[in-house]
**Student:** 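Dropping a structure here in structure tokens format, bear with me for questions.
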Amino acid sequence: MNNMNQNNGMQKRMLIMTVVVFVFFLAYEFLVLKPQKEAKAEAAKQEQTQKATPSVDGMAQTDVSGNAIDMSKSVEALSSKAIATTDIVTVIKTARNIIEIDKLGRVAQVTLTEEKYKDEDGKQIKLFEANQLRPLEVRFADTSINNIAFKASTIADKKSIDATSSNQVLVLTQNLGDTVLTKKLTFYPNGHYDLTASTTNGKKFFITNGFRPNVLADMYADHGLYIKKNDGTMELTVDGDLDKSVNFTGIKFVSNFDRYYATVAYNFERSLAVSLLPDADSNPQAFIHGNDNITFSGYMGPKNFKDLKALNPELTDVIEYGWFTFIAKPMFLLLQFIQSYVGNWGWTIVILTVLIKLVLYPLSYKGMVSMNKLKELAPKMKEIQTKYKDDKQKQSMHMMELYKKHGANPMGGCLPLVLQIPVFFAIYRVLLNAIELKGAEFIFWIEDLAEMDPYFVLPILMGASMYLQQRITPNTMQDEMQKKIFQMLPVVFTFFFLWFPAGLTLYWFINNVFTISQQFYINKLFDKKRAAKK
């Protein structure tokens, strides 16, 4: 039998795997996502002074019915000139945003007016860059009409609208020769809209919810497109992953999103048909099949859970938590529940961390007890290894007898840690994606839990607590290389956490503090047992 060697080997592999997973996870955030943020910021500056290139140069993409969606007008559609101030035909002010409509009947810009939505320069956040596909842009199946549509100006029945306290209606009309395109929009104080778009002569068209918001100040997590189908399943397309057109029918909503914001088109009464077309960078662009008449609602703004739920509970699915959504979403609801009583998101994170530690305590307790038992048995294990170094079968047999006699489990210290990984990833995504933390103060110097600690106090405290945790945790590793790797972890983690959101660093620090207290308690129990035996 080689059970002992297999168990020890498995334990080592799982410990190493755990370290690799965490370090890779953190390295990905720092070495991949952060440089992407900086690169995109630089690219955005360059695009402000250059004319945009076509998303699909001179080509037509085909929808599910075989109708061509003409992409040949992408230059005009995306050029910065197309949304110049002089081309704005209507400005709508709601209680939460300012929406500008350009001469092609598109949403040229959305400015968030609530105080907490500010960029790195302290200015109110604008959702869209100059050179990107705009919400409510229309493409026609008839190429000749499509050509006219990018030249003919839209006429608005009102130049300015005040929808801060009541619903207001806007009618946009675009004369395309024998065909007239009409968009009737109802704007609401909460910033969302209802749309009915129609054409005369039965001319088929496609209408887009627009490319995702591109708020550089919040460029930290995944970006892409999210679709919810009638059967309740979700379809995610990450930016850069769409290499060909894809068609969907039976759609409840389509949402292009970045970390905190989204442009959403939805209809929960009558399903939508949508074609996804890749741009030059393989990013998804959604075009909704309008036929000659379509009705849907739209939302352009923060992925705030309460705001989305108020529009429709199903819209909360716009918030994407990754692989562990089934854990993350209930966790966020608990976080929100606690905050409704506490009133401070920082203390809410502290309380949630304590609750998670209490729930996982049985697992942690077993792991800690197992590690202490293995530490006590270390001398006897070494004796067996030395005595039977030339007979692996007997060595394994005596090791198993030793474990059985003392109730020790060589895997007991590692498994609880591995089982807690999904919980960590879930809380990570919650704290990273929850816009509710944006601008949320904690105490003293922490003025925004969604941003890094400006003085690096929390990362250093986290690293120090991790070091202390290592010092009081029984170490049964015999391999010197493994010991050195684990001794370096506090330094490595501190380095990565320097740039992490303060809310996430706070969670990890409090988690470490309670782990230390639990380990200290277990160590004291074993010290008393040893003293009693003596």
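Being a predicted model, the structure only gives us computed values, none of them experimental.
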**Student:** Applying side-chain contact (heavy atoms from CB on, under 4.5 Å) between Leu458 and each of Leu498, Leu504, Leu506, report the one that passes.
**Tutor:**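 Result for side-chain contact (heavy atoms from CB on, under 4.5 Å) with Leu458: Leu506.
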**Student:** Can you tell whether the side chains of Asp239 and Arg212 come within less than 4.0 Å, N to carboxylate O?
**Tutor:**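 Salt bridge: yes.
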**Student:** Kindly assign one of parallel, tilted or perpendicular to the pair Tyr261 and Tyr117, based on the angle between their ring planes and the thresholds 30° and 60°.
**Tutor:**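 Ring orientation, 0 to 90° scale: perpendicular.
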**Student:** Applying salt bridge (charged side-chain N to carboxylate O under 4.0 Å, His left out), name anything that partners Glu115, two or more places apart in sequence or on another chain.
**Tutor:**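 Residues passing salt bridge (charged side-chain N to carboxylate O under 4.0 Å, His left out) with Glu115: Lys118.
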**Student:** Do the side-chain N and O atoms of Ser144 and Asn147 include a donor-acceptor pair separated by under 3.5 angstrom?
**Tutor:**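 There is no such pair between these side chains.
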**Student:** What are the two closest heavy atoms between Asn344 and Thr348, and how far apart are they?
**Tutor:**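 Looking at all heavy atoms of both residues, the shortest contact is O-OG1, 2.7 Å.
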**Student:** Counting only pairs under 3.5 Å, give me each side-chain donor-acceptor contact of residues 163-174, with atom names and distances, residues two or more places apart or in other chains.
**Tutor:**
{"residue": "Thr164", "atom": "OG1", "partner": "Asp162", "partner atom": "OD1", "Å": "2.6"}
{"residue": "Ser166", "atom": "OG", "partner": "Gln168", "partner atom": "NE2", "Å": "3.0"}
{"residue": "Gln174", "atom": "NE2", "partner": "Ala149", "partner atom": "O", "Å": "2.8"}
{"residue": "Gln174", "atom": "NE2", "partner": "Ala152", "partner atom": "O", "Å": "2.7"}

**Student:** With side chain to side chain donor-acceptor pair (under 3.5 Å) as the test, pick out the partner of Ser297 among Asp194, Asn267, Thr186.
**Tutor:**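 That would be Asp194.
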**Student:** Would you say Phe287 and Ile207 make side-chain contact, with heavy atoms under 4.5 Å?
**Tutor:**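 They are not in contact (no side-chain heavy atoms under 4.5 Å apart), so the answer is no.
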**Student:** Rounded to the nearest 0.5 Å, what separation is found between the CD1 atom of Ile145 and the OG1 atom of Thr179?
**Tutor:**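 Answer rounded to 0.5 Å: 3.5 Å.
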**Student:** Students often mix this up, so state it plainly: with edges at 30° and 60°, are the rings of Phe268 and Tyr266 parallel, tilted or perpendicular?
**Tutor:**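 If you compare the ring of Phe268 with that of Tyr266, the planes turn out tilted.
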**Student:** One thing to verify: whether Lys329 and Asp317 come together as a salt bridge, which I'm taking to mean a side-chain N less than 4.0 angstrom from a carboxylate O.
**Tutor:**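 A salt bridge is present here (some side-chain N lies under 4.0 Å from a carboxylate O).
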**Student:** Please confirm whether the backbone N or O of Leu225 pairs with a side-chain atom of Asn256, one donor and one acceptor, at under 3.5 Å?
**Tutor:**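 No.
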**Student:** Please walk me through it: do Phe211 and Asn283 pass side chain to side chain contact (heavy atoms under 4.5 Å, CB included)?
**Tutor:** CA-CA 9 Å; Phe211 191 58; Asn283 300 322; 3.7 Å; yes
**Student:** Less than 4.5 Å apart, any side-chain heavy atom of Tyr226 and any of Phe257?
**Tutor:**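 Yes - at least one pair of side-chain heavy atoms lies under 4.5 Å apart.
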**Student:** Heavy atoms, side chains only, cut-off 4.5 Å: are Leu112 and Pro302 in contact?
**Tutor:**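 They are in side-chain contact.
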**Student:** If we ignore hydrogens and angles and just use 3.5 Å, is the side chain of Arg134 paired with the main-chain N or O of Ala108 as donor and acceptor?
**Tutor:**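 Flag set: sc Arg134 to bb Ala108 pair under 3.5 Å.
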**Student:** Is the closest side-chain heavy-atom distance between Glu320 and Arg429 below 4.5 Å?
**Tutor:**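 The answer is yes; the side chains approach within 4.5 Å.
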**Student:** If you look at every heavy atom in Ser245 and Pro278, which pair is closest and at what distance?
**Tutor:**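 Heavy-atom minimum between the residues: N-CD, 4.0 Å.
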**Student:** For the side chain of Gln109 and the backbone of Phe128, is there at least one donor-acceptor N/O pair under 3.5 Å apart?
**Tutor:**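 At least one qualifying donor-acceptor pair exists.
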**Student:** Search all heavy atoms of Ala450 against all heavy atoms of Arg259 and return the closest pair with its distance.
**Tutor:**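 Closest approach of Ala450 to Arg259, heavy atoms only: O-NH2, 3.5 Å.
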**Student:** Answer yes when Lys103 and Asp87 have at least one side-chain N-carboxylate O distance shorter than 4.0 Å, and no when they do not.
**Tutor:**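 A salt bridge is present here (some side-chain N lies under 4.0 Å from a carboxylate O).
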**Student:** Between Ile227 and Leu276, is there a side-chain heavy-atom distance shorter than 4.5 Å?
**Tutor:**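 Sidechains of Ile227 and Leu276: in contact.
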**Student:** Could you tell me whether Lys438 and Glu436 make a salt bridge, using a distance below 4.0 angstrom between a side-chain N and a carboxylate O?
**Tutor:**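 No, this pair does not count.
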**Student:** Should the ring pair Trp499 and Phe495 be called parallel, tilted or perpendicular, given that the plane angle runs from 0 to 90° and is split at 30 and 60?
**Tutor:**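 Correct class here is perpendicular.
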**Student:** When the ring planes of Tyr193 and Phe187 are compared, do they come out parallel, tilted or perpendicular, using 30° and 60° as the limits?
**Tutor:**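 Aromatic pair Tyr193/Phe187 classed tilted.
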**Student:** Could you pull out all residues at least two apart from Glu314 that satisfy salt bridge (charged side-chain N to carboxylate O under 4.0 Å, His left out)?
**Tutor:**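 Only Lys228, Lys252 meet the salt bridge (charged side-chain N to carboxylate O under 4.0 Å, His left out) criterion with Glu314.
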**Student:** Against Leu185, only a single residue in Thr90, Leu136, Val107 fulfils side-chain contact (heavy atoms from CB on, under 4.5 Å); can you say which?
**Tutor:**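 The residue from Thr90, Leu136, Val107 that satisfies side-chain contact (heavy atoms from CB on, under 4.5 Å) with Leu185 turns out to be Leu136.
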**Student:** Can a side-chain donor-acceptor contact be found between Ser198 and Thr182 if the only test is distance below 3.5 angstrom?
**Tutor:**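 Thr182 vs Ser198: no donor-acceptor pair found between side chains.
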**Student:** Would you name the heavy atoms of Ile427 and Ile356 that are closest together and state the gap between them?
**Tutor:**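 That would be CD1-CD1, 4.4 Å.
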**Student:** Is it the case that the side chains of His289 and Ser275 hold a donor-acceptor pair, with the cut-off being a distance below 3.5 Å and no angle test?
**Tutor:**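 Judged by distance alone, the side chains do pair up.
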